[in-house]
Amino acid sequence: MFATRVRRLWGGLVLVPVLVPVLVPVLVLAAALSGGGASAAGPARLALVEASAWGAHWIELELPRPMPWRAFVADGPPRLIVDLGTESLAAPDVPAAGAVRPLRAGRLAAGWSRLVLALDRPLTVAHAALSEGRLAIELAPAGRGGFADAARLAPGHAAPARAAPPDAAARGRARIVLDPGHGGVDPGATRGDVREKDIALALGLEFAALLEATGRYEVLLTRRDDRFLLLDDRVAFARATDAALFLSLHTNTVTEGKASGAAIYAPSQIASDPASARVALLENRSDQRAGLPGRPEQDDVTLTLFDMERPATEARARIAAQRIVAALVASSRAIRSRPLRAADFRVLRAPDMPSLLLELGFLSDPGDLARMQSPEWRAEVGRALIRALDEWREADEDFLALMRR
Ligand SMILES: [Zn+2]
């Protein structure tokens with residue numbers, strides 16, 4: 001039966017038809033959801049099946065009902081973490097066997113529980129999918145560096161969600177996700193040999209180093225090299241890492257008329273002006289520009305769950321945007337006439353994570369072009385952004401404290 005299920009779930013993998021006949025379930029276990037917060041549906045059962053063959057490894061969690069989830073690995077020691085959208089969860093009680101051993105389970109936050117499983121060696125989440133109440137997670141061996149990277153990147157984050165109270169990270173270093181726009185087959189805007197994707201990556205890497213050097217920020221990048229990423233995957237990545245702020249980095253260009261200077265965009269379904277609406281429309285076509293079919297909007301249960309957080313999240317993003325504009329104005333004259341803008345960018349649609357898009361300048365403006373290619377100028381922008389983020393963290397803590405009252 002398990003083999004049948006695996007064939008259906010993993011039928012897309014070329015190797016599976018060969019692997020299925022030799023799959024050996026190494027342990028089968030079941031645990032009841034703890035009674036206290038059990039759903040009205042009664043004592044639902046959570047079953048875990050582990051299977052391995054030829055170095056490949058799978059686990060399957062049978063969920064009592066469809067629920068939001070995310071799965072990722074963590075380092076020191078290697079662990080697999082599965083967060084589930086349920087009020088209570090009991091750790092499956094099993095003998096130590098296989099590569100995956102349940103360690104503990106418990107409530108994480110309102111509506112969320114966490115299952116922590118020990119890994120006997122560095123394994124990463126190669127693929128994860130929820131189908132018909134079963135969460136299947138394929139684990140792949142990882143080298144030492146590969147595992148550390150995966151632990152930082154938290155892969156396998158379909159339908160991820162905030163895992164801790166928003167202010168948890170702020171007590172220590174604030175986690176910021178920088179998102180250099182475009183990459184790989186999608187160059188973004190171009191002007192002669194100059195490509196938006198290269199400027200965005202340079203700014204991202206340099207700004208990350210500056211932020212990390214302060215000791216006040218932990219910075220994760222959606223990409224560290226010239227690779228293509230889907231817009232939704234950038235957002236999913238940032239949400240899975242529980243980032244305090246998501247900052248997407250871009251440049252602009254115009255084919256007619258004159259425009260120059262930096263601008264910051266906050267999320268809003270209604271654009272602040274027609275030009276901003278056009279920019280969002282162009283940026284949202286990134287996936288198609290890469291020759292990939294546009295994916296439908298994510299309308300999973302997770303996003304719906306968090307929708308009521310959206311107004312507060314957008315307010316928090318606007319507070320950050322105001323600080324960034326003030327800092328950029330104070331440090332540079334290369335600012336647009338209306339630097340604080342809003343539009344419906346696809347990368348700014350996380351309902352529970354403040355998200356902003358920084359447009360550094362116009363490739364079509366010779367002054368902007370020269371500045372954006374200058375590491376010194378980018379460092380100046382970076383220092384201004386640090387001042388802005390320092391101020392924002394204080395303002396954000398005040399805002400969140402007010403929200404909790
Ligand atoms: Zn762009």
Side-chain angles (χ1 to χ4, degrees), residues 176-208 221-238 245-257 259-268 271-292 294-295 317 321 324-325 328 334-336 338-350 355-365 368-369 371-373 377-378 381-382 385:
I176 308 286
V177 169
L178 297 180
D179 171 45
H182 312 280
V185 294
D186 171 20
T190 53
R191 195 77 179 180
D193 294 341
V194 186
R195 303 174 299 189
E196 176 180 7
K197 65 174 182 177
D198 299 325
I199 292 176
L201 182 60
L203 179 68
L205 292 170
E206 292 161 7
F207 183 36
L221 286 147
T222 53
R223 66 178 179 98
R224 290 181 167 272
D225 52 20
D226 183 20
R227 70 174 67 187
F228 176 78
L229 292 171
L230 287 166
L231 295 172
D232 288 353
D233 286 349
R234 298 167 187 265
V235 180
F237 162 73
L245 184 74
F246 173 84
L247 184 59
S248 197
L249 305 169
H250 292 259
T251 70
N252 201 337
T253 189
V254 286
T255 46
E256 49 190 55
S260 68
I264 188 107
Y265 292 87
S268 169
S272 56
D273 56 287
S276 298
R278 279 196 299 277
V279 170
L281 212 63
L282 267 177
E283 292 288 357
N284 291 350
R285 279 189 206 137
S286 167
D287 297 355
Q288 287 97 309
R289 271 206 301 269
L292 294 161
R295 284 198 299 202
I324 289 173
V325 164
L328 289 177
I335 304 294
R336 277 185 94 170
R338 285 181 50 202
L340 180 48
R341 292 164 182 252
D344 189 20
F345 290 91
R346 191 155 177 154
V347 286
L348 302 185
R349 287 182 192 163
S355 308
L356 293 171
L357 187 143
L358 174 65
E359 206 176 73
L360 206 53
F362 284 77
L363 294 180
S364 45
D365 180 80
D368 275 7
L369 186 62
R371 276 187 290 272
M372 289 191 289
Q373 289 179 288
W377 183 79
R378 291 198 299 261
V381 170
L385 288 173

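Note that this is a predicted model, so its numbers are computed, not measured. The figures that follow rest on heavy atoms only: side chains count, while hydrogens, waters and symmetry mates do not. Order of appearance sets the numbers: ligands from 1, and atoms from 1 within every ligand.
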> Out of Asp226, Thr222, Leu221, which residue meets the side chain to side chain contact (heavy atoms under 4.5 Å, CB included) rule with Arg224?
Replying inline: Leu221

> Would you call Glu359 and Arg341 a salt bridge, taking side-chain N to carboxylate O under 4.0 Å as the test?
Replying inline: no

> Quick check: does Glu359 put an N/O/S atom under 2.8 Å from the Zn ion (ligand 1)?
Replying inline: no

> Is it true that atom CZ of Arg338 has more than 12 heavy atoms of other residues, nucleotides or ligands lying nearer than 6.0 Å?
Replying inline: yes

> Among the N, O or S atoms that Glu196 has, which is closest to the Zn ion (ligand 1)?
Replying inline: OE2

> What is the name of the N/O/S atom in Glu283 that sits closest to the Zn ion (ligand 1)?
Replying inline: OE2

>> We want to know whether Asp186 and Ser286 form a side-chain donor-acceptor pair, criterion being a heavy-atom distance below 3.5 angstrom.
In response: yes

> Taking the N/O/S atoms of His250 one by one, which is nearest to the Zn ion (ligand 1)?
Replying inline: ND1

